[in-house]
Amino acid sequence: MAVRQSDFPSSYQQPTLMAKKITERAKDYSQWYLDVVREAQLASHSPVRGCMVIKPNGYALWENMQRQLDDMFKETGHRNAYFPLFIPKSFLSKEAQHVEGFAKECAVITHSRLINSEDGVAVDPDSKLEEELIVRPTSETIIWDTYRDWIQSYRDLPILLNQWANVVRWEMRTRLFLRTMEFLWQEGHTAHATEEEAREEAHRMLEVYRSFAEDYMAMPVQTGVKTESERFAGALDTYCIEAMMQDGKALQAGTSHFLGQNFAKAFDVRFQDRDGKEKYVWATSWGVSTRLVGGLVMTHSDDNGLILPPRLAPVQVAIVPIWRNDDEQARVMEYGASILQTLKDAGIRAIFDDRDQYKPGWKFAQHEVEGTPLRIAVGPRDVEKGNVELARRDTMKKEIVSREGIEKLLPELLETIQADLLAAAKERTRAQTRSAATYDEFKEILDSEGGFVYAHWDGTTETEERIKNDTKATIRCLPLHPESDPGKCMVTGKESPYPVLFARAY
RNA sequence: CGGGGCGUAGCGCAGCCCGGUAGCGCAUCUGCUUUGGGAGCAGAGGGUCGCAGGUUCAAAUCCUGUCGCCCCGACCA
């Protein structure tokens with residue numbers, strides 16, 4: 001795994017918050033989530049409605065996600081590029097379903113200037129734009145407008161690009177990380193000569209997301225394909241990864257779209273193929289966002305705060321020194337510093353928390369609430385005996401181990417924690433996944449336990465809509481490679497070839 | 001957009017019903033003592049009470065308006 005040495009984050013020098021107050025999960029999950037995000041100092045609400053300030057702790061986590069995902073994109077042949085934040089209004093209207101999907105949530109730029117006024121500044125009415133600009137809700141349109149100029153021949157294909165960017169969707173109801181009006185994400189946009197190749201690409205990137213979620217976030221996911229009503233506006237097929245949160249609600253954690261030739265036709269992107277004929281290009285797009293941070297919080301954390309999987313934790317090990325007097329301090333500091341060096345040399349992201357304005361107990365609590373996977377405490381007794389006290393965040397268990405060999409022990413232990421978190425999340429998700437034979441049973445499960453529910457469905461949008469209205473549950477996805485398991489739709493009794501996955505979702 | 005809540009010190013809040021010129025905890029600063037699970041004592045600094053009107057001798061408090069944010073429901077990643 002890619003690891004990086006880390007010095008003490010500068011944010012740690014700043015005053016920290018008052019005594020932590022985290023609502024118990026069982027009491028109010030929604031409030032618990034907000035409390036954890038606040039106490040772990042991941043993000044805070046901004047002065048702007050629905051937007052957030054991502055604080056250093058939260059951003060470091062996002063950076064680790066970015067770094068890993070970016071490596072995975074590069075490994076699958078993609079390069080990064082950057083397209084503008086602003087999109088001419090006319091571009092949005094070129095693909096009919098795409099417009100319909102995003103029209104209701106676009107920020108529109110109408111003027112370019114402010115003037116002085118009695119209350120400070122006002123919009124200068126003389127600066128009205130000839131063509132209004134849309135703040136990108138996603139970049140298909142401007143990218144495909146550009147691809148038209150890049151593609152003439154089959155030799156120009158495929159184009160495999162990704163961009164890291166911010167996007168804006170004017171949401172009515174927001175929640176830190178899970179749904180904000182502005183969010184950070186990556187969006188891949190690829191162009192292919194054949195349908196088969198584009199479909200392969202969409203599946204390849206879905207697999208990248210699945211493995212990232214499980215291998216790095218330790219967040220098990222269900223993969224599948226969306227129904228027509230849940231499909232990305234403008235896509236022929238939307239593939240997704242769906243994760244189950246602790247409270248029994250599903251989270252769409254990533255999507256990969258097979259766009260067919262919709263955007264190629266809308267933006268007139270054609271190429272001359274080997275056979276000399278002119279054809280429209282096939283497309284995909286795929287993305288994950290800072291929403292993943294919210295998913296990570298809700299997958300692993302507990303009533304004591306954040307729990308981070310070691311592979312993504314900005315700080316993997318925090319070393320806390322303990323002493324009583326100057327003499328002890330000198331010895332403990334030297335001991336701790338040497339351990340820090342040992343860990344850094346072993347490629348572990350470690351910090352030595354030698355701030356003397358905080359007592360050890362305070363630091364213990366702080367590193368716990370911030371989710372640091374491992375804590376090492378070193379005091380005079382440890383110096384004398386050549387030991388350290390190791391504490392695991394996930395299990396909250398402590399043990400004394402010899403300082404000798406920690407450069408081997410700790411990397412293994414971090415991987416053990418990573419594996420244990422995934423196993424625990426898998427087991428929880430398994431327990432939260434059920435099947436319902438009848439509509440009554442379906443409702444009963446949703447109201448009592450929540451979670452994923454497999455049930456038969458007749459394949460119509462009408463029935464899907466009715467279920468949503470009755471129960472607030474939606475079809476999260478249809479299996480990618482369904483095994484034949486025929487039954488009757490739990491609502492209409494019509495034929496159903498296989499069960500599909502339902503849940504109430506974020 | 002409907003329902004609810006909240007704007008008072010950096011953060012979290014009390015005070016408002018019953019008007020009298022602003023307080024508590026944490027944080028910050030100084031000093032001393034402390035340090036194996038969120039330290040103690042003593043002292044200190046810090047606030048246009050969201051904004052604008054109005055009532056009044058007097059408004060954080062009452063009235064009107066306005067702006068903003070958060071939470072719960074209808075759309076979405």
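Letters go in sequence order (proteins before strands), and every chain restarts at 1.
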Side-chain N or O of [X] less than 4.0 angstrom from OP1 or OP2 on [N]?
X	N	result
Arg173(A)	C75(B)	no
Ser30(A)	C72(B)	yes
Lys359(A)	G36(B)	yes
His45(A)	C69(B)	no

Touch check for [X], heavy atoms < 4.0 angstrom, all strands: base, sugar-phosphate only, or nothing?
X	value
Asp382(A)	base
Pro321(A)	nothing
Phe183(A)	base
Glu242(A)	nothing
Glu328(A)	nothing
Gly50(A)	sugar-phosphate
Ser46(A)	nothing
Leu34(A)	sugar-phosphate
Lys472(A)	sugar-phosphate
Val288(A)	nothing

Ignoring hydrogens and angles, does a donor from either the side chain of Gln366(A) or the base of G37(B) sit under 3.5 Å from an acceptor on the other?
no
Hey, does the side-chain of Arg49(A) have a donor or acceptor N/O within less than 3.5 Å of a partner on the base of C69(B)?
no
Base partner of [N], which must satisfy Watson-Crick or wobble distances under 3.5 Å:
N	value
G31(B)	C41(B)
C6(B)	G68(B)
C16(B)	none
G73(B)	C1(B)
U48(B)	none
G25(B)	C11(B)
A60(B)	none

Over how many whole Å does the gap from [X] atom [atom1] to [N] atom [atom2] extend?
X	N	atom1	atom2	result
Glu39(A)	G38(B)	CD	P	17 Å
Asp470(A)	A74(B)	CG	P	13 Å
Lys363(A)	A39(B)	NZ	C1'	13 Å
Trp185(A)	C76(B)	CH2	P	15 Å
Lys385(A)	G36(B)	NZ	P	17 Å
Leu251(A)	C76(B)	CG	C1'	13 Å
Tyr358(A)	U35(B)	OH	P	19 Å
Glu171(A)	C1(B)	CD	P	16 Å

Run the salt-bridge test on [X] and [Y] with the 4.0 Å N-O cut-off and return the result as yes or no.
X	Y	answer
Arg67(A)	Asp71(A)	no
Arg381(A)	Glu384(A)	no
Asp470(A)	Arg466(A)	yes
Arg392(A)	Asp394(A)	yes
Lys363(A)	Glu370(A)	no

Separation of the [atom1] atoms in [N] and [M], to the nearest angstrom:
N	M	atom1	result
U64(B)	C18(B)	P	15 Å
A9(B)	C24(B)	P	14 Å
G73(B)	C17(B)	P	34 Å
U34(B)	C41(B)	P	15 Å

For the residue pair Thr299(A) and Arg428(A), establish whether any side-chain heavy-atom pair is separated by less than 4.5 Å.
yes
As a test of reading the structure: which of A39(B), A74(B), G36(B) is closest to the side chain of Pro380(A), going by heavy atoms?
G36(B)
Taking the side chain of Arg375(A) as heavy atoms from C-beta outward, which of A74(B), C75(B), G37(B) is closest to it?
G37(B)
Of Thr255(A) and Cys51(A), the one whose closest RNA chain B nucleotide lies more 5':
Cys51(A)
May I ask you to check whether Trp286(A) and His78(A) place their ring centers less than 6.0 Å from one another?
yes
Among residues two or more places apart or on two chains, list those pairs meeting ring pair (Phe, Tyr, Trp, His ring centres under 6.0 Å) that have a residue in residues 233-253 of chain A.
His203(A)-Tyr239(A)
